[in-house]
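Below is one structure, written out as structure tokens; the observations come after it.
In this text, all values refer to a predicted model and were calculated from it rather than measured experimentally.
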Amino acid sequence: MRIVYLDDASRKNLLEDLLKRSPNQYGEYEQKVGEILKQVKEEGDQAVFAFTERFDGAKIDASNIEVTEEEIEEAYTIVEPSLLDVIRKALVNIEAYHAKQRQYSWFDSTPNGTILGQKVTPLARVGVYVPGGKAAYPSSVLMNVMPAKVAGVEEIIMATPCNKEGKVTPATLVAAKEAGVDRIFKVGGAQAIASLAYGTESIPKVDKIVGPGNIYVALAKKAVYGHVSIDSIAGPSEILVLADETANPRFVAADLLSQAEHDELASAILVTTSKELAEKVSKEVDSFVEKLSRKKIITASLENYGYILLADSMDQAIEVANEIASEHLEIVTKDAFTVMTKIKNAGAIFIGEYSSEPLGDYFAGPNHVLPTNGTAKFFSPLSVDDFIKKSSIISYSKEALEPIHKDIISFANAEELTAHANSIRVRFEEQ
């Protein structure tokens, strides 16, 4: 891996380089995505069937677009019992963590007759998109579905592409069943997002769409936002390790590669105050890459977006970490919890040498759907909050309104909204 000394110029170049990975930089795909969305909106099922045959090579129609109970039962016979056991264990942790995020309605009242509050209501129907291209990600199913279940969403619809034989990845089906998905449809890509956003004869319209996908999926979600809600516009995976001379170089190298193997646009960055660690990590990375199965992808990722940054001090290292605002941030320093208190921007923070990033991906419980491409400066991980909506509650008695009614009238008149003022005034007209 390349080793770069941190200064103003290298920092500026790095940030500009990383931003090139954003889905917002791929405008040439937007027209194609727009055409798919328009066609599905206008033609419904027929457009979905046509796009599925065109892009996935599968002949799907109204009779087989929805996954049946028999297909799910078949998936259980294919999935290894050991994987099913791990899925169930992970679900326990994920549910327990998200249960602590639940919000409840609340009301405050006063003796003079005012009641103010907030009513919390789960979304009625949510769509979960699950990729089915290069690899299957049952962990993504669990992470997207479980906070919706904990929130109390009434109906969860899943869309995922099938293969040419019309079959969905068994592990995806089993994870969906275990997590509590209500209905599963064999449709992928931008056409799946359009189906969930607008509804078709077979696929019901949802209120919100969550889940990762390729550039077509990301841009489709961006395009339908406002018509429905979405979780985020997900960019490529990324990890930043913040380390000092106490870190184990072999552990650090392994953790960097855990994200580099996702795809060619993934970013893996080490920021350290130790030149000796930097050199050792670089050697360990080279050694690991030769043995790992996704060598070609990892090599491209590291050549494009892999860096070892040498900082003059831990304060400088922390400053650049906050600037990058990485999806995953590992802290491997002698005073890791102190360093953590200075981190302002990160999707998920892993503290200590035995808290490696895959622990969060699969098992610990916190959600692995995280803000990418610097959006951790203003976005949070997927949570129960994403699947509820809040309504304000206001109730005043006449006795409570009377002392303040002239203040409201004055405010309304100042904004030249006389009908607003009149709405208050009529309640205190002399009878």
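Salt bridge annotation for E323-K377: absent, with no cationic side-chain nitrogen under 4.0 angstrom from a carboxylate oxygen. A salt bridge does not link K12 with D8: every distance from a Lys NZ or Arg NE/NH1/NH2 to an Asp or Glu carboxylate oxygen is 4.0 Å or more. Salt-bridge annotation for E30 and K222: present, with a side-chain N of the basic residue lying under 4.0 Å from a carboxylate O of the acidic one.
Ring geometry, H262 versus Y137: the interplanar angle falls from 30° to 60°, so the pair is classed tilted.
Side chain to side chain, Q103 and D385 meet the donor-acceptor criterion of an N or O pair below 3.5 Å. Side chain to side chain, D61 and S63 meet the donor-acceptor criterion of an N or O pair below 3.5 Å. Between the side chains of T68 and E71, a donor-acceptor pair is found at a separation under 3.5 Å. A side-chain N or O of Q259 and one of E357 form a donor-acceptor pair less than 3.5 Å apart. Of the N and O atoms on the side chains of S313 and D315, not one donor lies less than 3.5 Å from an acceptor on the other residue. Between the side chains of D7 and S10, at least one donor-acceptor pair of N or O atoms lies under 3.5 Å.
Taking CG of L265 as the start and CD of E238 as the end, the distance is 11.5 Å to the nearest 0.5 Å. Once rounded to the nearest 0.5 Å, the distance linking CG of D361 with NE2 of H368 reads 6.0 Å. Put simply, CG on L309 and CG on L6 are 4.5 Å apart, with the number rounded to the nearest 0.5 Å.
Sorted by first and then second residue, the ring pair (Phe, Tyr, Trp, His ring centres under 6.0 Å) pairs with a member in residues 160-195 form an empty list; sequence neighbours excluded. Sequence neighbours left out, not one pair with a member in residues 158-180 passes ring pair (Phe, Tyr, Trp, His ring centres under 6.0 Å). For residues 270-279, the set of pairs meeting the side chain to side chain donor-acceptor pair (under 3.5 Å) definition, not counting sequence neighbours, comprises E276-K280. The ring pair (Phe, Tyr, Trp, His ring centres under 6.0 Å) analysis of residues 337-365, with sequence neighbours excluded, yields the pairs F251-Y354. Residue pairs meeting the ring pair (Phe, Tyr, Trp, His ring centres under 6.0 Å) criterion with at least one partner in residues 66-97, sequence neighbours excluded, are absent.
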**Asked** Step by step, would you call I203 with L196 a side chain to side chain contact (heavy atoms under 4.5 Å, CB included)?
**Response** CA-CA 7 Å; I203 302 174; L196 294 169; 4.1 Å; yes
**Asked** Passes side chain to side chain contact (heavy atoms under 4.5 Å, CB included), I60 versus C162? Steps please.
**Response** CA-CA 9 Å; I60 296 296; C162 59; 4.0 Å; yes
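Shown here are the ring-ring contact (aromatic ring centres under 6.0 Å, His included) partners of F379, two or more places apart in sequence or in another chain: there are none. Among residues two or more places apart in sequence or in another chain, the side-chain hydrogen bond (donor to acceptor under 3.5 Å, both in side chains) test is passed with R88 by E178. For K59, the side-chain hydrogen bond (donor to acceptor under 3.5 Å, both in side chains) partners at least two apart in sequence or on another chain are E53. Looking at residues two or more places apart in sequence or on another chain, you find a side-chain hydrogen bond (donor to acceptor under 3.5 Å, both in side chains) between T200 and D45. The ring-ring contact (aromatic ring centres under 6.0 Å, His included) search around H227 returns Y198, not counting sequence neighbours. Among residues two or more places apart in sequence or in another chain, the side-chain hydrogen bond (donor to acceptor under 3.5 Å, both in side chains) test is passed with S105 by none.
At least one donor-acceptor pair under 3.5 Å links the side chain of T299 to the backbone N or O of K295. Using modelled atom types, no side-chain atom of T52 and backbone atom of A58 make a donor-acceptor pair closer than 3.5 Å. Between the side chain of N304 and the main chain of A300, a donor-acceptor pair closer than 3.5 Å is present. Looking only at distances, no side-chain donor or acceptor of S326 sits under 3.5 Å from a matching main-chain atom of L329.
Proximity of D56 to K186: side-chain heavy atoms (C-beta onward) are nowhere separated by under 4.5 Å.
The environment of CD in E353 is crowded: more than 12 heavy-atom neighbours from other residues, nucleotides or ligands sit within 6.0 Å.
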Scan the side chains in residues 141-155 for donor-acceptor partners under 3.5 Å anywhere in the protein, sequence neighbours excluded, and list what turns up.
unit_1, atom_1, unit_2, atom_2, d
N144, OD1, G211, N, 3.4
N144, ND2, S140, O, 2.8
N144, ND2, S140, OG, 3.3
K149, NZ, G180, O, 3.4
E155, OE1, R125, NE, 2.8
E155, OE1, R125, NH2, 3.2

